[in-house]
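Here is the naming used below: chain letters follow the sequence lines, and residue numbers restart at 1 for every chain. Please read all numbers here as calculations on a predicted model, not as lab measurements. Heavy atoms only: backbone and side chains are in, while hydrogens, waters and symmetry mates are out.
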Amino acid sequence: MNGRQIGDVILDLQNISLRFGGVKALTNISFDVREHEIRAIIGPNGAGKSSMLNVINGVYHPQEGRIVFHGEERRRMEPHMAAMQGIARTFQNIALFKGMSVLDNIMTGRITKMKSNFLEQAIHIGRAQREELEHRRKVEEVIDFLEIQHIRKTPVGRLPYGLQKRVELARALAAEPSMLLLDEPMAGMNVEEKQDMCRFILDVNDQMGTTIVLIEHDMGVVMDISDRVVVLDYGKKIGDGTPDDVRNNEEVISAYLGVAH
Amino acid sequence: QASEQFIGLPSYRVGAYAAGGSGIYGGWIDYMALVNERDGGVNGVKLTWEECETEYNNARGVECYERLKSKGASGNTVFQPLSTGITYSVLDKVAQDKIPMVTIGYGRTDASDGRVFPWVFPMLTNYWSQNTAKIKFIGAKEGGMDKLKGKKIVNIYHDSAYGKETIPLLDAQAKKYGFTVVHIPVSHPGNEQQSQWLRVRQEKPDWVILRGWGVMNPTAIKAAAKVGFPRDKMVGVWWSGAEEDTIPAGDAAKGFIAAGFNVAGANYPVVKAIQDNVYKKNKGNMEDKARIGSVYYNRGVVHGIITVEAIRTAQAKFGKGKVMNGEQMRWGFENLAIDSKRLKELGAEGFMPDLKVTCLDHEGSGKVKFQQWDGKQWKVLTDWIDADKELVRPMIEESAAKYAKEKNITPRDCSKEG
Amino acid sequence: MLYREAGQFKATYAADQQIFPIRQDRIGIQLLLALAFVAVPLFASEYWLKAIMVPFLVFSLAALGLNILTGYAGQLSLGSAAFMAVGAFASYNFMLRIDGMPLLVAFALGGLMAALVGIAFGLPSLRIKGFYLAVATLAAQFFIVWLLTKVGWFSNDSSSGVITAQEMVILGYRFDSPQAKYLLVLSIVAVMALMAKNMVRSSVGRAWMAVRDMDVAAEVIGIRIMYTKLLAFAVSSFYCGVAGALYAFAYLGTVEPEGFNLDLSFKILFMIIIGGVGSISGAFLGSAFIVLLPIFLDVLVQDVFAGLLSPSIASNMQLMVFGGLIIFFLIVEPHGLARLWQIAKEKLRLWPFPH
Amino acid sequence: MTTTTHHSEAADRYLTVNNIEVIYDHVILVLKGVSLEVPKGRIVALLGANGAGKSTTLKAISNLLGAERGDVTKGDIMFKGTRVDQMTPNQLVKRGVIQVMEGRHCFAHLTLEENLLTGAYTRGISRAELKQSLEMVYHYFPRLKQRRMTQAGYTSGGEQQMCAIGRALMAKPEMILLDEPSMGLAPQIVEEIFEIVKDLNQSERVSFLLAEQNTMVALRYADFGYILENGRVVMEGDAKELAANEDVKEFYLGLSSAGRKSFREVKHYRRRKRWLS
Amino acid sequence: MQFFLEVLIGGLLSGVMYSFVALGFVLIYKASGVFNFAQGAMVFFAALTFVGILELGVPFWIALVLAFGAMVLLGIGTERIVLRPMVNQPPIALFMATIGLTFFVEGLAQAMWGASVRGLDLGIQDEPIEWMMEATGIGVSKFDLFAAGVAAVLVTALALFFQYTRVGRALRAVADDHQAALSIGIPLQTIWRIVWAVAGFVALVAGLIWGARNGVQFALTFTALKALPVLILGGFTSVPGAIVGGLIIGSSEKLAEVYLGAYVGGGIDSWFPYVMALAFLLIRPEGLFGEKHIDRV
Ligand SMILES: Nc1ncnc2c1ncn2[C@@H]1O[C@H](COP(=O)(O)OP(=O)(O)OP(=O)(O)O)[C@@H](O)[C@H]1O
Ligand SMILES: Nc1ncnc2c1ncn2[C@@H]1O[C@H](COP(=O)(O)OP(=O)(O)OP(=O)(O)O)[C@@H](O)[C@H]1O
Ligand SMILES: [Mg+2]
Ligand SMILES: [Mg+2]
């Protein structure tokens with residue numbers, strides 16, 4: 001259907017287990033993500049989907065299991081290292097920087113790419129100033145892409161929920177990530193807005209070749225846009241495959257989908 | 001328009017030191033009111049004053065200094081900050097602006113050397129003098145200075161520049177008289193002294209010197225009672241020797257001794273005169289009249305007497321009935337002499353020591369009395385006790401010389417002053 | 001119609017990223033600077049310069065420093081006065097012990113010492129947050145003052161622990177008139193304020209704010225929390241250190257360690273909260289409020305109400321009014337005077353329409 | 001202007017919002033004259049895009065705007081014949097109106113069970129009754145019972161949403177203002193929640209005003225609907241009628257005349273036509 | 001050994017004194033998430049009001065009730081004038097508002113009752129218990145024991161109140177999220193009045209006990225300074241934490257001053273408690289018993 005090529009496995013999670021005290025958030029989960037694909041994670045509430053994303057970008061450290069990213073086994077890693085390696089994400093409960101404007105929020109997304117040090121920035125001539133403009137240009141591209149020009153200077157706290165979600169996506173995109181983790185990007189949107197969001201996600205995936213891991217409860221969306229789906233329930237993996245495989249999996253139907261959709 | 005002599009009062013009536021401040025400023029203002037009411041001013045020159053709230057804060061003090069500087073007909077003619085911190089903060093400024101600064105019983109000790117500090121007058125007694133008098137008092141109690149040998153004195157001090165100032169002096173005296181001295185600091189504010197007093201008990205000293213400040217004083221007295229240290233073996237500095245320091249300690253304070261360059265009591269003629277001439281006309285400054293005659297109040301009266309007498313002295317030289325400027329006032333302070341005859345005329349005999357200021361010696365007296373708290377009020381215990389000038393003076397000169405060197409000041413030659 | 005953005009189109013991002021993108025603001029700030037550099041020294045009395053403008057500027061600088069740490073990076077600090085003390089005592093000692101030390105270098109080194117101390121006491125911030133972090137800075141506050149009092153070397157063994165700052169001489173010029181002192185302080189403060197503004201509108205500033213607003217998310221984006229927090233401590237302490245040096249050299253002349261007590265730290269904190277947390281102009285507005293208001297109230301009482309009220313009541317009334325006004329302003333605008341000013345501007349922009 | 005024709009008896013004048021205007025921060029005008037009505041025992045849906053002002057409307061009714069520096073500057077709100085716009089939220093809850101806020105405001109440091117118990121604060125009931133209410137909520141949301149001793153801050157997004165709804169039920173309200181109940185919930189739980197809404201509505205005669213993005217489900221369960229856009233009501237009508245309206249179908253249900261379009265096939269953004277702008 | 005014990009016991013008991021003030025902080029923090037800077041000023045105000053009333057010749061118990069009444073009024077006033085307009089504002093703004101309150105209360109106290117320093121006698125001697133002194137040589141003050149007893153009662157009552165009552169639960173809810181608490185009908189105003197009144201009561205008790213020790217004077221506001229490390233060590237949100245923190249700080253501070261202080265010239269009790277608290281915080285960042293800070297993504 002379009003030009004993008006699904007490539008090799010770039011992220012391989014093997015036998016991941018994660019516990020919080022007595023709570024088993026994830027039990028012995030293995031799955032992989034291929035380059036350029038859209039990989040969905042679905043499952044009932046509390047299944048461990050968000051925890052899974054947190055494991056991928058180093059916010060949580062699983063007690064057991066191996067994580068191989070780009071062929072390298074990852075030791076204990078801090079989240080900012082994941083960002084350096086090109087993993088960006090959005091959050092389920094919006095995690096924008098409330099005290100900053102939309103533009104500044106998105107600019108923070110490019111922080112890993114900034115080279116000038118704080119002294120240069122304090123004096124604000126030469127490299128620091130050039131850099132600031134250069135990154136601003138990149139950020140404006142993202143802003144144009146997501147069509148949020150009109151709210152550029154607004155403090156994010158004042159935006160309605162849906163727009164905040166979009167700003168968060170913009171922040172993640174500003175980092176030009178090779179892998180994008182999206183935690184329920186369409187929650188709280190109406191159909192029209194969801195359509196827009198899908199379009200954005202597809203375009204990012206298409207045009208930039210970004211690999212996407214997506215958590216979403218809207219089955220219409222998941223089934224339509226994802227290449228492969230993994231299903232979690234109570235921290236266990238109960239299904240993995242193409243949307244059609246999953247849709248017809250008995251266990252998935254009884255645990256999550258309920259009556260056939 | 002009648003001629004008026006303006007006196008700026010950087011006062012503090014709120015906050016932690018309000019209790020002391022309201023007493024001192026009350027007494028001081030009342031005395032000036034007395035001079036105005038009874039005598040019609042100093043040789044016809046009325047005294048006027050304005051307060052400026054410092055909250056005992058250095059920055060506010062500086063602001064008050066600058067604000068008061070240009071007030072009144074002649075500008076401010078004497079600055080008395082009543083806070084060592086503010087004293088330091090305006091030390092340089094007073095010389096530039098030619099306004100004498102008078103610090104009675106606080107401030108910079110080595111400013112007693114008038115050659116280096118022509119504009120600063122730490123009058124009556126400084127901390128070092130007072131401390132030697134204290135040792136003299138203890139010696140007398142022990143039956144002679146030679147009996148001090150082998151004795152042990154604990155110096156409980158407020159852990160600050162103020163508190164530390166007497167340590168070198170005590171050490172020198174310990175060497176001279178052969179007693180041991182143990183210094184125990186109490187950190188600000190000093191409202192908890194359990195550990196310090198357990199140490200006192202362990203040390204088993206013969207005497208304790210209390211160099212306290214604010215709430216540290218009643219706390220120390222109470223803690224002494226708690227560990228069973230006799231209060232009549234505790235000698236406080238004058239910032240530990242007011243009603244404010246003993247009343248909160250309740251019964252525990254009975255027997256506590258403190259040094260003072262003024263005494264408590266409302267029976268002195270000068271205080272009576274204030275009652276008759278000021279309060280009868282409803283012009284008194286104190287809201288709580290019961291505090292008239294308290295240590296702080298009387299100290300304020302002493303401030304008033306010294307200020308007024310300096311104006312008088314200056315007028316005698318520069319013209320009676322004229323308003324004095326800062327330089328003339330400085331001369332007045334530097335040539336101030338209040339002998340016992342004059343004290344009697346003022347109604348302040350025994351109330352404060354006689355004094356004679358010179359170019360060399362801006363302290364002018366160095367005498368203190370010791371008073372004891374009897375559970376209700378302060379009772380005078382001794383006559384005026386002189387400081388150990390031989391010990392103190394060289395130390396002052398040394399310290400002043402160091403300052404002069406640091407600041408590139410050439411000390412005045414006092415033989416040339418007239 | 002005076003305050004309008006309309007018609008001012010930004011053709012380039014460079015134009016949009018100026019410090020003051022709106023023309024009226026640019027003109028305003030130029031007027032303000034002209035006023036500060038030319039009119040004030042020409043017309044202000046000695047009292048105003050010495051007792052009001054200089055402390056106002058010095059405190060503004062300290063507040064600026066604290067605002068970087070607390071307002072921008074979100075790390076609550078109650079130790080600003082201690083960092084000021086480090087700056088003051090360090091500058092004094094550099095001047096004292098190194099012959100021919102240039103004054104401005106001594107100030108910078110004083111600031112640098114404060115920055116080092118700031119980093120040391122900032123280390124716990126990697127683990128401790130919010131009001132709990134205040135304890136680390138309180139430890140700094142008490143420990144530093146204790147150390148300066150205890151170790152005589154810092155005050156050149158003066159018997160009272162007090163230091164007297166050296167004269168201010170730069171390239172042979174003696175800054176001793178009130179005007180000269182004021183201009184020196186003003187220049188330093190203006191330059192440092194500009195640098196602060198530049199930092200907070202660049203990526204360091206954004207990193208600070210990100211850490212403040214949501215540190216987990218900040219880390220996920222790739223911000224190194226440790227570096228960012230410690231940098232905030234260092235820069236903030238540097239500002240406080242320089243402010244401390246100016247406090248000693250240009251304002252009081254003579255300082256003692258106890259002068260840099262907790263009260264002063266709180267005062268600086270009050271300034272940024274009243275002025276506006278996370279705003280450069282807020283530091284100045286807050287400093288003006290906290291420094292000037294009590295003086296204003298006192299003058300008012302002395303001049304207008306003298307004799308009407310007993311002096312103690314009058315003094316205590318001042319305190320009550322001061323407290324009341326703090327509350328009043330917070331109720332009107334919890335985000336401080338700077339925000340109030342912003343809203344006023346926004347209203348002005350809409351004027352004469354209400355919305 | 002809004003003369004609702006479908007219910008005429010006076011007893012049905014239950015909750016009415018008359019032409020209210022809301023301003024945030026003294027400068028941001030958000031609602032520009034919104035009127036609506038919820039008859040007793042009905043479910044009314046409030047639909048609209050992001051930022052249309054749904055949450056603001058609900059907060060204006062439950063009087064939670066003050067806490068966000070928002071003000072109702074015009075119009076009035078009546079509940080059972082009395083004006084309620086000056087009442088505190090506490091008084092409103094005592095009268096039976098409670099709001100479930102958008103974004104799962106649970107008390108993070110309280111356990112789920114404690115969260116639920118706070119819901120019954122205004123009732124001041126005995127332990128036994130409390131237990132009974134608790135069981136009722138646990139019956140609706142078994143997942144909460146499982147995790148009852150966990151601090152709410154540590155539970156998943158969906159669990160928090162259930163907790164917020166359950167907590168409101170503990171107050172035994174007559175009228176619930178539900179703000180985006182389906183957000184972040186798994187599909188079958190969304191169905192469950194709406195079933196619960198229906199159940200409460202039918203068995204206990206609880207009325208609902210629900211702000212929802214999930215228009216499809218909302219219109220299925222609601223009796224009546226309002227569509228809000230840019231702070232104005234642009235359309236209102238019977239739920240069934242609304243669902244059949246072509247515009248609504250296209251813009252809110254994602255249905256075109258050709259049936260549901262795949263999300264993958266949507267090719268352009270912002271093709272919308274607006275009733276008002 | 002005996003000396004060690006004496007220092008230890010003395011320290012523990014003085015730690016209890018700090019706890020009284022820390023408790024006031026905990027109450028308000030726990031119930032509104034506000035760090036109440038004015039707690040020290042409230043202690044001062046309460047004690048001064050009590051003594052002031054006493055001086056008018058009012059009997060002890062009636063004065064106590066009247067002083068408590070004054071604290072309740074202060075609490076209601078604070079809720080009405082300061083807190084109500086600031087619902088849902090960031091904690092830092094509320095914190096600042098309490099600073100304004102501090103100035104106001106300090107000014108009010110001294111404007112009403114004057115600045116003079118007063119004594120206060122509760123009728124319990126601050127002297128060692130004789131038989132104990134004789135038997136073991138260790139001095140334990142009667143007054144300190146009395147204070148410890150009062151503290152134990154207060155803490156137990158308050159801890160139970162918070163954990164197990166409807167209002168207690170509501171208080172904790174309010175601290176977490178003002179707006180959500182409002183939305184389920186918790187009457188913030190009533191809640192805050194209750195809390196401030198209780199905190200006022202605790203301030204009164206603290207004021208009486210500290211006042212009886214050091215006199216009723218402005219310095220009572222400084223007691224707050226001693227309470228801070230206690231508060232932080234125990235955790236802002238824990239009533240028992242206030243006591244345990246007090247015991248740890250009190251004893252370690254005294255032991256340090258006696259045994260370490262001598263080596264560095266003493267006076268280390270100004271900063272030692274803070275360093276001590278800091279050391280604990282590095283292990284448990286939310287204090288010993290404080291609620292863990294929840295931040296999740
Ligand atoms: N930091 C944590 N501490 C304790 N428990 C946690 C933590 N993070 C997650 N959990 C628990 O792990 C389980 C899985 O949570 P997670 O947030 O991953 O669910 P989810 O699949 O994203 O659910 P939802 O769709 O509702 O968002 C939940 O029961 C949650 O309570
Ligand atoms: N506290 C606030 N301060 C300023 N503006 C606000 C505030 N809250 C909301 N707004 C503005 O009010 C408008 C309506 O917001 P509201 O939250 O009511 O929308 P909504 O219809 O509930 O949207 P969503 O579906 O995204 O929740 C938005 O434009 C928003 O920017
Ligand atoms: Mg989740
Ligand atoms: Mg909403």
Side-chain angles (χ1 to χ4, degrees), chain C residues 70-71 76 78 121 123-124 126-147 149-151 214-217 220 262 266 269-270 272-274 277 312-336, chain E residues 29 35 37-38 41 81-82 84-86 89-112 114-115 225 228-229 231-233 235-236 264-268 270-278 280-283 285-287 290 293 295-297:
Chain C
T70 303
L76 183 62
L78 296 176
F121 282 97
L123 281 171
L126 303 178
R127 239 183 106 67
I128 307 172
K129 289 182 185 151
F131 283 118
Y132 288 98
L133 180 64
V135 73
T137 54
L138 277 172
Q141 172 67 54
F142 290 113
F143 181 75
I144 289 169
V145 170
W146 176 83
L147 198 70
T149 313
K150 202 101 285 186
V151 182
M214 192 165 257
D215 53 358
V216 191
V220 166
L262 186 63
F266 272 122
L269 182 67
F270 303 164
I272 68 164
I273 303 178
I274 278 286
V277 171
S312 296
I313 303 264
S315 283
N316 282 302
M317 289 290 278
Q318 283 178 42
L319 206 60
M320 288 165 69
V321 171
F322 181 58
L325 280 176
I326 290 182
I327 296 173
F328 172 76
F329 273 101
L330 285 170
I331 290 174
V332 175
E333 181 47 65
H335 297 283
Chain E
Y29 190 86
F35 178 80
F37 192 78
I81 295 163
V82 185
R84 198 182 298 178
M86 295 193 69
Q89 292 309 324
I92 188 98
L94 283 158
F95 165 65
M96 188 68 200
T98 65
I99 290 169
L101 187 66
T102 310
F103 289 121
F104 187 83
V105 170
E106 284 174 5
L108 182 67
Q110 291 198 334
M112 267 166 57
L225 221 60
L228 282 185
L231 182 66
I232 281 161
L233 180 65
F236 275 94
V264 289
I268 65 174
S270 66
W271 52 266
F272 189 82
Y274 291 95
V275 174
M276 181 83 195
L278 193 59
F280 271 89
L281 283 193
L282 288 176
I283 303 163
E286 53 286 323
H293 183 78
D295 52 358
R296 285 187 57 198
V297 285

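In this structure, chain C has no heavy atom under 4.5 Å from any part of E:Pro273. Looking at C:Phe329, there are no atoms closer than 4.5 Å to chain E (heavy atoms on both sides), in backbone or side chain. Contacts of E:Val264 with chain C are made by both backbone and side-chain atoms, with heavy-atom separations under 4.5 Å. For chain C, the nearby part of E:Gln89 is the side chain; its heavy atoms alone come within less than 4.5 Å. Looking at E:Phe95, only its side chain comes within 4.5 Å of chain C, counting heavy atoms on both sides. Proximity to chain E is absent for every atom of C:Leu325, based on heavy atoms less than 4.5 angstrom apart.
Ring geometry for C:Phe142 against E:Tyr274 counts as parallel: the plane angle stays under 30°, on a 0 to 90° scale with 60° as the upper cut.
By the side chain to side chain contact (heavy atoms under 4.5 Å, CB included) test, E:Phe103 is found to be paired with C:Phe270, C:Leu319, C:Phe322, C:Ile326, E:Ile99, residues two or more places apart in sequence or in another chain being considered. With sequence neighbours left out, E:Phe280 forms a ring-ring contact (aromatic ring centres under 6.0 Å, His included) with no residue at all.
The closest donor-acceptor contact from the side chain of C:Tyr132 to the backbone of E:Phe236 lies under 3.5 Å.
Under a cut-off of 6.0 angstrom, the local environment of CZ in C:Phe328 is sparse, with at most 12 non-hydrogen atoms contributed by other residues, nucleotides or ligands.
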Step-by-step side chain to side chain contact (heavy atoms under 4.5 Å, CB included) determination, E:Leu281 to C:Arg127:
CA-CA 8 Å; E:Leu281 283 193; C:Arg127 239 183 106 67; over 6 Å; no
May I have the step-by-step check of side chain to side chain contact (heavy atoms under 4.5 Å, CB included) for C:Asn316 and E:Leu108, ending in yes or no?
CA-CA 7 Å; C:Asn316 282 302; E:Leu108 182 67; over 6 Å; no
CA sep, side-chain torsions, deciding dist, call: E:Met86, C:Leu330, side chain to side chain contact (heavy atoms under 4.5 Å, CB included)
CA-CA 8 Å; E:Met86 295 193 69; C:Leu330 285 170; 4.0 Å; yes
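Annotation: maximal heavy-atom pairing with chain C below 4.5 Å, among E:Ile81, E:Ile232, E:Thr98, occurs at E:Ile232. Of the residues considered (C:Val151, C:Leu138, C:Val145), C:Leu138 shows the highest number of contacts with chain E, using heavy-atom pairs under 4.5 Å.
The two atoms that bring E:Met96 and C:Ile274 nearest to each other are CE-CG1, 3.6 Å, heavy atoms only. Scanning both residues, E:Leu225 and C:Leu262, for their nearest heavy atoms gives CD1-CD2, 3.2 Å. Here the closest heavy-atom approach between residue E:Ala93 and residue C:Pro334 is recorded as CB-O, 3.8 Å. The two atoms that bring C:Ala136 and E:Leu278 nearest to each other are CB-CD1, 3.6 Å, heavy atoms only. Shown here for E:Trp271 and C:Ala139, the closest heavy-atom pair between the two residues is CB-O, 4.4 Å.
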